[in-house]
Each structure stands twice: as structure tokens, then as C-alpha cells.
Amino acid sequence: MKIHNFSAGPCVLPQEVLQKSAEAVIDFDNGLSLIEISHRSKAFVDVMENARALALELMGLEGKGYKALFLAGGASLQFVMVAQNLLEKRAGYLNTGTWSKKAIKEAKIYDDIYEVASSESAGFNYIPKGYDIPSDYDYFHCTSNNTIFGTQMKSFPDCEIPMVCDMSSDIFSRTLDFSKFGLIYAGAQKNMGPAGTTLVVVHEDILGKVSRKIPAMLDYKEHIKAGSMYNTPPVFPVYVSMLNLQWLKKLGGIAGIEKENEKKAQLIYSEIDLNPLFKGYAVKEDRSNMNATFTLENENLKETFETMLKEAGISGLSGHRSVGGYRASMYNALSLDSVKALVEVMSELERKA
Ligand SMILES: *Cc1c(COP(=O)(O)O)cnc(C)c1O
């Protein structure tokens, strides 16, 4: 039976990417496994260079002063590295959910943080708008897609200071003017690859401005100087990410996948809106095209619904423990057919109820 994988992360990946990755673990370079060759070998250096170039190419950032890095430590380490490398006096953070809060908490270790706006009192079900960003701050930090609450920034403020964005759960899912940002980071396991590496895209002009000493492993400049190989990089996650970026390029890049992602989101949200058994969590204008959060209004139908999901091969639909209900994560590699299968179960439940 086909499994429809709605997991919020680690996420579904294209079958052909999984297939090629599996083959490379056995034989990547003349009978040697990808995970047993030197990361300094030409074969692997090519992988790293390819992955870095593809990331910039897909975002339209080649030749614009940006560098791409594939680091370890997850997006969570970027909460720390961003502050370590960029925070001198004060920074502004937009608080839109659990991940923003964690980013703020880590940055507070370094200095005072100003929350430009927060949607916490409304349970993070919307994206604040119309806030001011002081122009004398070091940087402004936001989270483009709130994986847990299912909200997404549909536009970004005009910002005179470097804008830093955690794009972990919607990177490469929609066209944006990426040159608006000074630094973008994304844990691979939401929409790019397996867990174990984090993409950082940074404009070199914003670095080297803080007075503190930075340990080499936390210093973007050191990683750039070393070609993203200051130490042994996470070779397998980088390779799988590279394959996935190649897959994306073949599909027409970000613009190509964006159309598919819009179709999937429209399908699920129209079912949530029309089916009286379900209720969306996020306010309509800020709903995420990646993570649709919703609840089943009648608790008595829970067991029936979940049995039907199981029978239809639908997996990974439970909501995050802090929100409850359901969350359909529709990352790039999830097909429209999988969303159709889910919507079919939802409308079948309505017919039965
Ligand atoms: C999952 C997630 C993180 C944390 O990622 P790790 O790689 O596990 O540290 C951070 N930000 C967002 C938006 C996420 O979805």
C-alpha cells in the first residue's frame, strides 16, 4: 500500500532521491561507500561544491555576495550562531511561535532583545503586522513559517538593517526575493533533506562587525574560508540534500514547485473550510502552505477518523503536542495525490457522521 507521509519533520523525500542515496551508501566512488571515503576526496568536494552552488542558484543569489554553508548542529545551533556573529548592541525579534521563542531565548544570552511584536497571547494563530523595526539595531530576526502553529509570513517588512530569517520549514517552497535577507538558515530535515545538516546563506558584508571573539566552529567567516569544510562535514545529509536540490531544479526550480504547493494547500484548506467537522487553527490570511493545522470538532469521531486514516495509508498527521489536533505537513516531495487521499478521508467521515 502506498503510504502518504505527512510528517512535519524529518520529512518525506522523493523516491528517486532515496533510491540514489541508498545506492551511494554501498557504492559511491569506484566501489567505495559515500560514508567511508575522505571528505577531502575530489568526489566529495564536488558534492559539497555542487550543493552550495545549487542552493544559491535556486534562490537566484549567485554572484550577489552571498555564501552557502552546510553546517551541523541543526537550526537550533543557528539561534546561537546568529547572535554570536551579529549581535553587538541590540537586535529585534518577531515572536511568532515556539521556534521564534527559542531563538529569542538563545540570543538573550548575548544581549538585550527587543520583541518587535508577538502573537503569543492569541496562541500564535496569526502573524503580527505593522510593527516598527528600529533602524539602529544590529539585525531583525523572523521565522518565515511556523511549523507547529501552521502560520506563514506572506510578506516581509522593508528593513534597513540586516534581516535574518529562520526558513527551516518553507525553504525552497515558494519564490521570494531572497536578496532582501542578510542571512537565511534552514535545518535540512523539513524541506531539503535528512536531519544532520543546516543550510546557511549569508551575505558576507554583514559579517565581521562584532567585537567579541568567536570560537572557530561558531564563526561563519571560518566556515566560509574553509569552503564549508572547517571540520568533517555531515557528508550523508549534504549528499542527500544535493540530490534533492537537483530533483527540484529538474522540476523547474522553486517557481515550479510553488505551483504544486499552492494546489495542495488550496485543496486541504477548502476541505477544512467546507467540512463542518473540521476547524482550521490559523487565521485564514496567514495560513501556511506547508503545515495545515486543524482540529476535529466532535471528539466522538476521533477513533473512527484515525482508523480511516490508517486504512488509507495516511501517516504523520498528529498535531504537535503544544497545539493538539492534526497537522498536515505538505513539503515539496509530498504529492498532490497524497493530499487528495487525505481530503477523501475527511469528506468520507462527513458522509458517515
Ligand atoms: C524544526 C525547526 C527548528 C529546529 O530545527 P533543528 O534542526 O531540530 O534544530 C527551527 N526552526 C523551525 C522553523 C523549525 O521548524
Side-chain angles (χ1 to χ4, degrees), residues 5-13 55 68-84 93-109 113 118-120 124-128 140-154 156 163-174 176 178 181 183-201 217-218 223 233-234 236-238 240-241 244 261 281-282 286-293 316 318-323 327-334:
N5 184 359
F6 286 88
S7 170
C11 68
V12 58
L13 290 169
L69 301 168
F70 284 85
L71 305 180
S76 299
L77 185 63
Q78 294 312 307
F79 300 159
V80 182
M81 279 179 75
V82 163
Q84 174 83 260
Y93 276 65
L94 179 63
N95 186 6
T96 54
T98 309
W99 299 115
S100 302
K101 274 181 81 162
K102 286 197 168 169
I104 292 167
K105 177 167 174 262
E106 297 295 88
K108 276 188 174 158
I109 295 172
I113 293 301
S118 169
S119 51
E120 184 160 19
F124 294 119
N125 72 346
Y126 76 102
I127 301 283
F140 164 67
H141 181 285
C142 56
T143 311
S144 56
N145 185 70
N146 299 284
T147 328
I148 293 175
F149 299 95
T151 60
Q152 186 173 37
M153 294 176 77
K154 302 296 174 183
F156 292 83
M163 181 153 55
V164 175
C165 190
D166 176 358
M167 292 196 188
S168 291
S169 52
D170 67 355
I171 188 95
F172 301 120
S173 73
R174 55 171 170 166
L176 286 176
F178 294 100
F181 301 88
L183 191 149
I184 293 164
Y185 61 91
Q189 73 277 14
K190 301 281 166 47
N191 204 26
M192 188 177 71
T197 191
T198 303
L199 172 66
V200 174
V201 172
M217 274 297 282
L218 298 181
H223 287 287
F236 184 71
V238 172
V240 183
S241 300
N244 200 31
N261 289 335
Y281 180 79
D286 299 327
R287 293 199 287 211
S288 165
N289 281 3
M290 293 279 100
N291 314 94
T293 44
S318 12
H320 188 269
R321 57 191 183 276
S322 61
V323 179
R327 171 172 50 170
S329 298
M330 303 171 290
Y331 296 120
N332 285 353
L334 185 94

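Whatever order the structure lists them in is the order used to number ligands and atoms, beginning at 1.
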Open item on the list: Within the 3.5 Å criterion, strictly below it, is a donor on D286 or T151 matched to an acceptor on the partner's side chain?
Closed with: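 There is no such pair between these side chains.
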Using a 3.5 Å cut-off and no angle test, enumerate the donor-acceptor pairs between side-chain atoms of residues 183-190 and protein atoms at least two apart in sequence or in another chain.
residue, atom, partner, partner atom, Å
Y185, OH, H141, NE2, 2.8

Sub-3.5 Å pairs, protein N or O with ligand 1 N or O:
residue, atom, partner, partner atom, Å
ligand 1, 7 (O), A75, N, 3.0
ligand 1, 7 (O), Q189, NE2, 2.9
ligand 1, 8 (O), Q189, NE2, 3.3
ligand 1, 9 (O), A75, N, 3.2
ligand 1, 9 (O), S76, N, 2.8
ligand 1, 9 (O), S76, OG, 2.6
ligand 1, 11 (N), D166, OD2, 2.6
ligand 1, 15 (O), W99, NE1, 3.4
ligand 1, 15 (O), T147, OG1, 2.5
ligand 1, 15 (O), K190, NZ, 2.6

Open item on the list: Working note: Y331 + N291, criterion side chain to side chain donor-acceptor pair (under 3.5 Å); need CA distance, chi angles, decisive distance, verdict.
Closed with: CA-CA 8 Å; Y331 296 120; N291 314 94; 3.0 Å; yes
Task: Contacts of type side-chain hydrogen bond (donor to acceptor under 3.5 Å, both in side chains), residue S288, not counting sequence neighbours - done: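 With neighbours one apart ignored, the set is N145.
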Task: Partners passing side-chain hydrogen bond (donor to acceptor under 3.5 Å, both in side chains) against N261 (at least two apart in sequence or in another chain) - done: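 Only K264, N332 meet the side-chain hydrogen bond (donor to acceptor under 3.5 Å, both in side chains) criterion with N261.
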TODO: Could you check N146 against T96 for side chain to side chain donor-acceptor pair (under 3.5 Å), going step by step and ending with a plain yes or no?
DONE: CA-CA 7 Å; N146 299 284; T96 54; 2.8 Å; yes
